[in-house]
Amino acid sequence: MYRVSDVMTKQVVYLPAETTLDEAARVMKESDIGDVVVTDGATLAGMLTDRDIVVRAVAERADPGATTIGSIITREVVMIEQHATASEAAALMRERNIRRVLVCDNDRKLVGIVSLGDLAMQLDPNSALSDISEAAPNM
């Protein structure tokens with residue numbers, strides 16, 4: 001049985017809420033990731049995904065050089081403990097209708113991110129989602 005810690009992405013990229021959309025997109029491209037954790041000082045402010053940029057900014061014709069990521073992030077973050085099972089993570093995603101969950105340790109310190117693609121590669125390696133996720137890691 002796989003644990004969340006077995007399938008999660010340990011590389012978490014943090015950006016301050018004042019970061020502009022174009023800079024965040026550049027960081028995502030260079031890091032080959034589809035999400036970043038957004039901070040407000042030392043506080044976790046939320047999460048930004050590539051989909052957030054498209055749906056909440058590009059589709060609204062926001063200026064990517066002037067719009068900050070703090071203005072479009074998802075502020076309600078969902079967390080799961082790293083020792084939870086991959087099946088529990090999948091059930092949480094299904095229940096909350098989300099594609100990514102932040103992973104924490106026993107002290108609620110952020111230690112990774114688990115995505116639907118991460119789970120698909122472990123739980124059903126022959127699925128179409130697994131094939132897509134494997135071709136584009138961490139997306």
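When reading the values below, keep in mind they use all heavy atoms of this one structure, side chains included, and skip hydrogens, waters and symmetry mates.
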Open item on the list: For a side chain to side chain contact (heavy atoms under 4.5 Å, CB included) check, start with the C-alpha distance between Leu21 and Ile69, then their side-chain angles and the critical distance, and finish with the verdict.
Closed with: CA-CA 6 Å; Leu21 292 177; Ile69 62 176; 3.9 Å; yes
Open item on the list: Checking Ile113 against Val101 for the side chain to side chain contact (heavy atoms under 4.5 Å, CB included) test, could you report, in this order, the C-alpha distance in whole Å, the side-chain angles of both residues, the deciding distance, and whether it holds?
Closed with: CA-CA 6 Å; Ile113 298 175; Val101 177; over 6 Å; no
Task: Check against side chain to side chain contact (heavy atoms under 4.5 Å, CB included), Leu15 and Leu48 - done: CA-CA 9 Å; Leu15 290 176; Leu48 177 74; 5.8 Å; no
- [ ] Using the side chain to side chain contact (heavy atoms under 4.5 Å, CB included) rule, take Val13 and Val27 through it: C-alpha gap first, then chi angles, then the decisive distance, then the call.
- [x] CA-CA 9 Å; Val13 175; Val27 168; 3.8 Å; yes
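Closest non-hydrogen pair, Gly65 versus Thr20, comes out as O-CG2, 3.3 Å. Here the shortest heavy-atom pairing between Gln11 and Ser31 reads NE2-CB, 4.0 Å. In terms of heavy atoms, Met93 sits closest to Ser115 at CE-C, 3.7 Å. Residues Arg99 and Arg51 come closest through the heavy atom pair NH1-CD, 3.5 Å.
The cluster map of Ile, Leu, Val, Met, Phe, Trp and Tyr, joined by side-chain heavy atoms under 4.5 Å apart, puts Leu44 and Val111 in different clusters. Follow the hydrophobic side-chain contacts under 4.5 Å out from Met47 and you never reach Met28; the two are in separate clusters. If you chain together hydrophobic residues whose side chains sit under 4.5 Å apart, Val38 and Leu102 never meet in one group. In the hydrophobic clustering of this structure, Ile98 does not group with Leu110; members are Ile, Leu, Val, Met, Phe, Trp, Tyr whose side-chain heavy atoms approach within less than 4.5 Å, directly or through other members.
Within the 4.5 Å cutoff, the side chain of Gln82 has no heavy atoms near those of the Asn106 side chain. The shortest side-chain heavy-atom distance between Asp50 and Asp35 does not fall under the 4.5 Å cut-off. Counting heavy atoms from C-beta on, the side chains of Thr9 and Val114 never come closer than 4.5 Å. Arg100 has its side chain out of reach of Leu116: every pair of non-hydrogen atoms, C-beta onward, lies at least 4.5 Å apart. Within the 4.5 Å cutoff, the side chain of His83 has no heavy atoms near those of the Asp105 side chain. Within the 4.5 Å cutoff, no side-chain heavy atoms of Val77 are placed close to those of Val37.
Arg75 places a side-chain N or O within donor-acceptor distance of the main-chain N or O of Gly70, the cut-off being under 3.5 Å. Side chain of Asp107 to backbone of Lys109: no donor-acceptor contact under 3.5 angstrom is found. Looking at Thr19, its side chain does come within 3.5 Å of a backbone N or O of Pro16 through a donor-acceptor pair.
The number of heavy atoms from other shown groups lying within 6.0 Å of OH (Tyr2) does not exceed 12.
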Identify each donor-acceptor pair in which a side-chain atom of residues 55-62 lies under 3.5 Å from a protein atom, sequence neighbours left out, and give them as a table.
| residue | atom | partner | partner atom | Å |
| --- | --- | --- | --- | --- |
| Arg56 | NH1 | Ile72 | O | 2.8 |
| Arg56 | NH1 | Ile73 | O | 3.4 |
| Arg56 | NH1 | Thr74 | OG1 | 3.1 |
| Arg56 | NH2 | Thr74 | OG1 | 3.4 |

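Salt-bridge annotation for Arg3 and Glu88: absent, with no side-chain N of the basic residue lying under 4.0 Å from a carboxylate O of the acidic one.
For the atom pair CD1 of Ile53 and CG of Asp22, the computed distance is 9.5 Å after rounding to the nearest 0.5 Å.
Between Val4 and the options Leu92, Thr85, Val103, a side-chain contact (heavy atoms from CB on, under 4.5 Å) holds for only Val103.
Side-chain contact annotation: Asp40 with Thr43, donor-acceptor N/O pair under 3.5 Å absent.
Every salt bridge (Lys or Arg N to Asp or Glu O under 4.0 Å) that Glu23 has, sequence neighbours left out, goes to Arg26.
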